[in-house]
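Reviewing the structure listed below.
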Amino acid sequence: MTIATINLGTAPSGVGGDAARNAFEKVNANFSQTENAASRTVGTVNDNQVLDKAGLQILIKDPRRQEVEALSGGRNTVIYDAQGNPNVMVVIPRFNVEDLGLTALNLGSGTHPAFITNGVPRGEILIGKYLASTAANGSAVIGGVQPRTSVNYDVAKELCTRKGANWHMMSVHEWAAIALWSLANGTVPRGNTSYGRSHEKKWETARRSDNGAPGDVSGTGRTDTGKGPATWNHDHTNFGVCDLVGNVWEWLDQFKLDDGQIITTLDNNPAVAEANWHKHAAYFDSPTDNQTGSGSAGAPILSNAVTKRNGPMNDDSNDYPYLTALHFAAITKAVGYAPNELLRKLLIESATTSTVRGYIAARNYGDRFPFRGGLWYDGANAGLGALNLNTPRSGEGIHFGFRPAFFV
């Protein structure tokens, strides 16, 4: 249907023009016919909308997004989700692993898997600049607020996918890509690892949730999103990804430990059902068969099989002894273990200890889902390499947060 034009008649009297009722009928028709430009939504919260009229395109740009992009030189942007909540995102461009110059890590070559979905490369990915926080009917990614915590793996994942098409919870691939880039660029971030301050540079602080003094071990030392210095960001600038180290553990997707076996997606594809994730010939074995009490059973061993287990198979609900080591990259590899290039790219395995820091903890019984980064009191145990595989999908508490990501 073409747009109905009201006949105004002859000026100035309007003689010969449409009667009032006929004019309003045309107005109603223009706005009820979806093929008419007059009925189209313009400038909605879902970003820029285009109005076509006589071949002319009018771009209505969201002012918040425009300001963020201008200030950051396009390195940050704002995406509004299906609930209308704002999400400040960091643009991470695609890179080749061999271009990082990290030859000792033996990462192979080609595009990092964070930028590949079902075999198809992407030019960039968008990562939440901040940890997710509570917002109307879901979550938002904004600075200067407390991160949303006390959510289990499934809730965190649903809060991300609820945002709409192309939204997902940050994957193990995306975390590893950012960590490797930071390592290559000499900008490995510090963070809130000592009750509102960095344990390395104690003058680096941010406001605590309880307004306590930096370093005071009483109370909750969790800090507001993005309130730390630029050295707490992945690129040591104000436009980087904030708070990856310390503060709260972050749930990651597309990776789990099933009775000690490492299972991941082969590239960054959140659409792959969990049942179809790839089962690697890689396991976390234990140095002992201790299945009583709690506490550490020793350091995990990368192996092609589990020979010693610290709890009953398929047991997610009970916490028997766990495996732990001060550096994820320092664990030993069993004789006969076949090194796995993809796991090196995901910072699960390492060819050398000269990499990002962070301790590892794991239980090789039941389904265990990953956190990375560490807590506000973990000190030197926190880091981009810190990996916690102790917790079932149902785990939740003030120590666990999450971060949304978006495909352009």
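We count residues from 1, following the sequence as given. In this text, all values refer to a predicted model and were calculated from it rather than measured experimentally.
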We want to know whether Asn211 and Arg207 form a side-chain donor-acceptor pair, criterion being a heavy-atom distance below 3.5 angstrom. yes

Do we see a donor-acceptor contact under 3.5 Å between the side chains of Asn269 and Gln254? no

Report yes if the distance between the aromatic ring centroids of Trp251 and Phe369 is under 6.0 Å, otherwise no. no

Ring centres of Tyr359 and His327 under 6.0 Å apart? no

When you compare the side chain of [Y] with that of [X], does any pair of heavy atoms fall below 4.5 Å?
| X | Y | result |
| --- | --- | --- |
| Met170 | Pro404 | no |
| Thr149 | Phe400 | no |
| Ser139 | Asn85 | no |
| Arg368 | Thr391 | no |
| Pro147 | Thr134 | no |
| Phe115 | Val120 | no |
| Val241 | Asn233 | no |

Looking at every heavy atom in both [X] and [Y], which two are closest together, and how far apart are they?
| X | Y | result |
| --- | --- | --- |
| Ala405 | Glu174 | CB-OE1, 3.6 Å |
| Pro86 | Ala140 | O-CB, 3.4 Å |
| Gly108 | Val97 | O-CG2, 3.6 Å |
| Asn310 | Asp289 | ND2-C, 4.2 Å |
| Gly240 | Asp235 | CA-OD1, 3.1 Å |
| Ala330 | Thr353 | CA-CG2, 3.8 Å |

Check [Y] with [X], please: is the shortest side-chain N to carboxylate O separation under 4.0 Å?
| X | Y | result |
| --- | --- | --- |
| Asp62 | Arg64 | no |
| Asp285 | Lys333 | no |
| Glu124 | Arg94 | no |
| Arg372 | Glu250 | no |

Step by step, would you call Phe402 with Tyr153 a ring pair (Phe, Tyr, Trp, His ring centres under 6.0 Å)? CA-CA 9 Å; Phe402 66 99; Tyr153 166 83; over 10 Å; no

Steps toward side chain to side chain contact (heavy atoms under 4.5 Å, CB included) verdict (Glu396, Val151): CA-CA 5 Å; Glu396 60 181 52; Val151 290; 5.7 Å; no

Say whether, by atom type as modelled, one donor and one acceptor occur between the side chain of His236 and the main chain of Thr187 under 3.5 angstrom. yes

Run the numbers on Val91 and Arg75 for side chain to side chain contact (heavy atoms under 4.5 Å, CB included), then give the verdict. CA-CA 5 Å; Val91 180; Arg75 293 160 66 186; 5.7 Å; no

Can Leu257 and Ile263 be said to form a side chain to side chain contact (heavy atoms under 4.5 Å, CB included), step by step? CA-CA 6 Å; Leu257 202 62; Ile263 301 176; over 6 Å; no

Could you walk me through whether Arg197 and Glu204 satisfy the salt bridge (charged side-chain N to carboxylate O under 4.0 Å, His left out) test, starting with their C-alpha distance in whole Å, then the side-chain angles of each, then the deciding distance to 0.1 Å, before giving a yes or no? CA-CA 6 Å; Arg197 66 186 183 183; Glu204 295 183 354; over 6 Å; no

Would you mind telling me which of Val306, Ile301, Ile262 makes a side chain to side chain contact (heavy atoms under 4.5 Å, CB included) with Phe284? Ile262

What verdict does the ring pair (Phe, Tyr, Trp, His ring centres under 6.0 Å) test give for His112 and Trp181, after you've listed the backbone C-alpha separation in whole Å, the side-chain angles of each residue and the deciding distance to 0.1 Å? CA-CA 10 Å; His112 190 278; Trp181 186 96; over 10 Å; no

Kindly indicate whether a cation-pi arrangement holds for Arg122 with Phe407, taking the cut-offs as under 6.0 Å to the six-membered ring centre and within 45° of the axis. yes

Walk me through it: do Arg208 and Asp216 pass the test side chain to side chain contact (heavy atoms under 4.5 Å, CB included)? CA-CA 10 Å; Arg208 289 169 45 150; Asp216 184 348; 3.8 Å; yes

Set out, in order, the CA-CA distance, both residues' side-chain angles and the distance that settles salt bridge (charged side-chain N to carboxylate O under 4.0 Å, His left out) for Asp267 and Lys345, then state yes or no. CA-CA 11 Å; Asp267 57 25; Lys345 290 176 179 175; over 6 Å; no

Walk me through whether Arg393 and Glu274 qualify under salt bridge (charged side-chain N to carboxylate O under 4.0 Å, His left out). CA-CA 12 Å; Arg393 68 192 317 133; Glu274 188 179 315; 3.0 Å; yes

